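Read the numbers this way: they start at 1 and go in the same order the structure lists the ligands and their atoms. Not measured: the values here are computed from a predicted model. The chain is numbered in sequence order, starting from 1.
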Amino acid sequence: MKFTQKCLGNISKMLDFYSQFNPSPLSIKQFIDFGLSACERKSFIFLRKELPVRLANIMKEIHLLPENLLNMPSVGIVNNMYATSFEDIMQFEKVDVNETTLDKFCQTLVKIRNRHKDIVETMAQGVLELKESHDVDAQTENNIQYFLDRFLMSRISIRMLINQHTLLFGNELNGHSRHVGSIDPSCEIISVVKDAYEKARLLCDQYYLASPELIVQQHNELERCSQIRIVYVPSHLFHMLFELFKNSMRAIMEHHSSNAEYPAIEVIVSRGKEDICVKMSDRGGGIPRSQMDHLFKYMYSTAPRPTKTDAHTVPLAGYGYGLPVSRLYARYFHGDLVLQSCDGYGTDAIIYLKALSNEANELLPIFNKTSSKFYRTQV
Ligand SMILES: O=C(O)CCCOc1c(F)cc(-c2c(C(=O)NCc3ccc(C(=O)O)cc3)noc2-c2cc(Cl)c(O)cc2O)cc1F
């Protein structure tokens, strides 16, 4: 069914209302402080407004997408999912706060999280449908890059709010007693590095029957001899590191395919006054400077879906969104992920994280005249 015919029903008025508000970014410190006081009613009151604001902001942006993309079947599915989830939350807009509504709210959040769990793949399928059915000009490609960065960042932020509430107040056990929701107040970075390396090494050994070793060091400028720890979401850090290890291993194994020896991957974790950095260096042959930007492009990297059953699919290859999404995770709390490659030698990937939790604020896309203008006036 054409997108324009899709009936948004009575929610379009509420979408207009809630999209007038800017999302309210929270810092990791605020997440922790709130989580330690853990008041379910306050969380409910905050979320029953903030979740519709964040959903409405990104839904208004979906409606500004180029018609060609908007009418792709998979994009229609995503739009309907968001409309359904928006309606689910609207049920709680004016209800009395009691035990029953709090339990129902938690169940609704879990339902929404499950509904949206494959949205990245569904969106990637929509981009693939567009590539296969239309010529995509530079302006459309730019619009899609701009939109997907914002759409996927919005999704990270909505899942963060849902996870905090369901882990703090739902029946889910987060399995780590000291964690505050999904946040580890004392996340030991080197442990996450080693965990991500071992998981990527498993895939590498399965496909290449060998894998590069890991050399990891740390340099703590502030407290010389102690482990470098951060208040952070371990699953976000794992996601970034796992992606980078897969890419480094793929480059090393392909570049040294005729050798019996493989150069180790070197990781340095450093802590300064402002930043914590995780630098991953490999000798995988590197990429020409002219090709570097492609790695973060959704359109360029949208490869045909790797068939799950095809045993010969390179297990280190995904849908091509691994790197841009990893950079969004780094940027979500005002960090970054950058690549420096030396063609013919190897690649350094650096994850920058805010050392101080009060500076690690959510970076949220805001739907407004500026963002709308971007879709209309791209040259
Ligand atoms: O499918 C996915 O999701 C993973 C998508 C991603 O798949 C890639 C992948 F894992 C690794 C590389 C790659 C190459 C390569 O491949 N070099 C050989 C070549 C030589 C010439 C040219 C050229 O002329 O164009 C291009 C590459 N060299 O360094 C890296 C490299 C890339 C990243 Cl992001 C990293 O963190 C570490 C690395 O060592 C490229 C990928 F693209």
Quick one: which ligand 1 atoms are inside 4.0 Å of a heavy atom on Ala251?
-> 13 (C), 14 (C), 28 (N), 29 (O), 30 (C), 39 (O)
If only atom types and distance count, is the side chain of Asn71 paired as donor or acceptor with the main-chain N or O of Glu67 below 3.5 Å?
-> yes
Quick one: look at Leu339 and ligand 1, take heavy-atom pairs under 4.0 Å, and tell me if it's side chain, backbone, both or neither.
-> side chain
With atom 17 (N) of ligand 1 as the reference point, say which of Gly322, Gly286, Gly285, Ala349 has the nearest heavy atom.
-> Gly286
Polar-atom distance check: Tyr321 versus ligand 1, any N or O pair below 3.5 Å?
-> no
Enumerated ligand 1 atoms positioned under 4.0 Å from heavy atoms of Leu323 = 34 (Cl)
So is Ser341 close enough to ligand 1, meaning a heavy atom under 4.0 angstrom away?
-> no
Within 6.0 angstrom of Gln340 CD, more than 12 heavy atoms from elsewhere | no
Would you mind listing which atoms of ligand 1 come within a distance below 4.0 Å of any non-hydrogen atom of Thr347?
-> 29 (O), 30 (C), 31 (C), 37 (C), 38 (C), 39 (O)
At under 4.0 Å between heavy atoms, which part of Asp282 makes contact with ligand 1: side chain, backbone, both or neither?
-> side chain
Has the side chain of Gln164 got a donor or acceptor atom that lies under 3.5 Å from a matching backbone atom of Val180?
-> yes
Short list, please: which atoms of ligand 1 are under 4.0 Å from a heavy atom of Leu244?
-> 36 (O)
Listed partners of Asp195 passing salt bridge (charged side-chain N to carboxylate O under 4.0 Å, His left out), at least two apart | Lys199
Can you tell me if Ser43 uses its side chain to pair, donor with acceptor, with the backbone of Cys39 under 3.5 Å?
-> no
In ligand 1, which numbered atoms sit nearer than 4.0 Å to a non-hydrogen atom of Ile287?
-> 13 (C), 14 (C), 28 (N), 29 (O), 30 (C), 32 (C)
Does Asp336 offer a backbone N or O that forms a donor-acceptor pair with the side chain of Arg331 under 3.5 Å?
-> no
Flag, side chain of Ser19 to backbone of Lys60, donor-acceptor distance under 3.5 Å | no
Within a distance under 4.0 Å of any heavy atom of Gln291, pick out the atoms of ligand 1 and give their elements.
-> 23 (C), 24 (O), 25 (O)
Only one of Ile62, Leu64, Ile58, Val53 clears side chain to side chain contact (heavy atoms under 4.5 Å, CB included) with Phe367; which?
-> Leu64
Heavy-atom gap Pro288 to ligand 1 smaller than 4.0 Å | yes
